[in-house]
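See below for the structure under consideration.
Nothing fancy with the numbering, it's 1 onward along the sequence. Remember, predicted model here, so these are calculated numbers, not experimental data. Values reported hereafter were calculated over all heavy atoms of this structure, with side chains retained and with hydrogens, waters and symmetry mates removed.
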Amino acid sequence: MNDRVHRYQYDAGVTDCLFCRIVAGEIPATLVTETDTTLAFRDIDPKAPTHVLVIPKEHHTAIGDVDPVLAGQILATAHQVAKAEGIDESGYRLVFNTGRDGGQTVFHVHCHVLGGRGLTWPPG
């Protein structure tokens with residue numbers, strides 16, 4: 001599934017969104033897994049040996065804007081990624097950065113799946 005082109009119709013009002021353009025196949029990404037509602041791909045600037053982003057295919061700016069069912073689908077995909085990457089038993093971290101002060105740099109909801117080494121606390 002890596003680097004394959006994926007097409008998905010997205011809202012014309014958010015064509016400047018990096019992640020919407022990845023969903024539409026306009027920008028390449030190394031895909032890890034995909035469902036009807038989510039897409040998971042490798043982060044281009046990884047902070048851990050495993051660093052995968054899970055996004056909804058629909059554009060939502062912040063996690064608080066996401067329907068609870070879709071939020072559950074994002075979490076289920078994140079766990080599926082952890083299992084596929086072999087970090088589900090050793091441990092992994094899920095991170096949603098929300099808003100500028102929360103460290104969000106791409107304003108399309110995304111969940112970071114981090115693992116593959118011991119993660120320290122507190123982060124940041």
- Task: State which residues pass side chain to side chain donor-acceptor pair (under 3.5 Å) with Gln104; sequence neighbours excluded, sorted by chain then number.
- Result: none

- Looking at Ile22 and Ala29, what are the two nearest heavy atoms and their distance? CG2-CB, 3.7 Å

- Query: What's the verdict on side-chain contact (heavy atoms from CB on, under 4.5 Å) for Val54 and Leu39, showing C-alpha distance, side-chain angles and the deciding distance?
  - Reply: CA-CA 6 Å; Val54 178; Leu39 189 67; over 6 Å; no

- Task: Scan residues 94-121 for pairs that pass salt bridge (Lys or Arg N to Asp or Glu O under 4.0 Å), counting only residues two or more places apart or in two chains.
- Result: none

- Give, for atom NE2 of His110 and atom NE2 of His60, the distance between the pair rounded to the nearest 0.5 Å. 14.5 Å

- Task: Please name all residues satisfying side chain to side chain donor-acceptor pair (under 3.5 Å) with Thr38, sequence neighbours left out, ordered by chain then number.
- Result: Thr35, Thr77

- Item | Partner set under side-chain contact (heavy atoms from CB on, under 4.5 Å) for Ala76, not counting sequence neighbours | none

- Cluster partners of Val69, using ILVMFWY side-chain heavy atoms under 4.5 angstrom, listed by chain and number? none

- Of all pairs that satisfy ring pair (Phe, Tyr, Trp, His ring centres under 6.0 Å), the ones with a partner from residues 29-55, not counting sequence neighbours: Phe19-Phe41, His51-His112

- Message: Between Val109 and Phe107, is there shared hydrophobic-cluster membership here, with clusters defined by ILVMFWY side-chain heavy atoms closer than 4.5 Å?
- Response: no

- From Arg93 atom CZ to Thr50 atom OG1, the distance as rounded to the nearest 0.5 Å: 13.5 Å

- Please report the shortest heavy-atom distance between His108 and Pro56, naming the atom on each side. NE2-O, 2.9 Å

- Note on the structure: side chain to side chain donor-acceptor pair (under 3.5 Å) filter on Asp45, not counting sequence neighbours, yields Lys47

- Message: Can you tell me how far apart CG (Asp65) and CG (Leu70) are? Round to the nearest 0.5 Å.
- Response: 11.0 Å

- Query: What's the shortest heavy-atom distance between Val81 and Ala40, and which atoms?
  - Reply: CG2-CB, 3.7 Å

- Query: What do the steps show when you test Arg21 against Ile27 for side-chain contact (heavy atoms from CB on, under 4.5 Å), and what is the final call?
  - Reply: CA-CA 6 Å; Arg21 293 184 68 202; Ile27 295 175; 3.7 Å; yes

- Please go through Leu114's hydrophobic cluster and name the other residues, only I, L, V, M, F, W, Y counting, with side-chain heavy atoms under 4.5 Å joining them. Val95, Leu119

- Item | For Leu94, side-chain contact (heavy atoms from CB on, under 4.5 Å) partners two or more places apart | Leu75, Ala78, Tyr92, Cys111, Val113

- Query: Does the pair Asp43 and Val52 meet the rule for a side-chain contact (heavy atoms from CB on, under 4.5 Å), with working shown?
  - Reply: CA-CA 5 Å; Asp43 194 296; Val52 175; over 6 Å; no

- Task: Output every pair passing side chain to side chain donor-acceptor pair (under 3.5 Å) with a member in residues 81-91, not counting sequence neighbours, ordered by first then second residue.
- Result: Arg42-Glu85

- Query: Going from CD1 on Ile74 to CG on Leu53, what distance comes out if it is rounded to the nearest 0.5 angstrom?
  - Reply: 12.0 Å

- Query: Could you state the interatomic distance from SG (Cys20) to NE2 (His59), rounded to the nearest 0.5 Å?
  - Reply: 5.5 Å

- Give, for atom OG1 of Thr33 and atom CD of Gln80, the distance between the pair rounded to the nearest 0.5 Å. 4.0 Å

